[in-house]
Amino acid sequence: MLVISTEKAIQPWLKGGPLPSDHKPFHESIVDAINSASSVGEMIVLGQLIEATKVPKGHQAIIEAWTAKSVAFGIDQQCRVAKSVQLQITDQEPAEVAATVTN
């Protein structure tokens, strides 16, 4: 069922159209994707992407979005995805590190 709905959703994207003229940093795009996820299946796909990606910055925003959406779906918010992002905190800007440590 998920495959069928995913295929229907992706067809307009595959057919093309104008490409975005403004590209966002990865963390902003992934936070937007998390916030717009409408199923646990979408969260699984996003989680796999996040785990496989070296996130250069925006760690706290990703963790906060993931946690909020996890609560909404009733899934474990302290799962591998959050831990994967937390392990990358050493590459964060000092303000992000401070925010993460105090939470």
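Here the structure is a predicted model, which means the values were calculated and not measured. Heads up: numbering here begins at 1 and tracks the sequence. Quick note: numbers below take in every heavy atom, side chains included, and nothing from hydrogens, waters or symmetry partners.
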Atom of Val81, atom of Glu51 and distance for their closest heavy-atom approach: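 Closest approach of Val81 to Glu51, heavy atoms only: N-OE2, 3.6 Å.
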Shortest non-hydrogen contact from Met43 toward Trp66: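 Smallest heavy-atom distance, with atoms named: O-CH2, 3.2 Å.
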Quick one: [atom1] on [X] to [atom2] on [Y], what's the gap to the nearest 0.5 Å?
{"X": "Thr67", "Y": "Ile75", "atom1": "OG1", "atom2": "CD1", "answer": "10.0 Å"}
{"X": "Ile62", "Y": "Lys57", "atom1": "CD1", "atom2": "NZ", "answer": "11.5 Å"}
{"X": "Lys83", "Y": "Gln88", "atom1": "NZ", "atom2": "CD", "answer": "15.5 Å"}
{"X": "Ile30", "Y": "Lys24", "atom1": "CD1", "atom2": "NZ", "answer": "10.5 Å"}
{"X": "Ile50", "Y": "Phe26", "atom1": "CD1", "atom2": "CZ", "answer": "6.0 Å"}

Contacts of Ala65 that satisfy side chain to side chain contact (heavy atoms under 4.5 Å, CB included) - sequence neighbours left out: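 Residues passing side chain to side chain contact (heavy atoms under 4.5 Å, CB included) with Ala65: Val31, Ile34, Asn35.
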Report yes or no: does [X] contribute a side-chain atom to a donor-acceptor pair with the main-chain N or O of [Y] at less than 3.5 Å?
{"X": "Glu64", "Y": "His59", "result": "no"}
{"X": "Lys69", "Y": "Ala37", "result": "yes"}
{"X": "Glu42", "Y": "Ser38", "result": "yes"}

Ile44-Ile63 co-clustered via ILVMFWY side chain contacts under 4.5 Å: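 Linked, Ile44 and Ile63 end up in one cluster.
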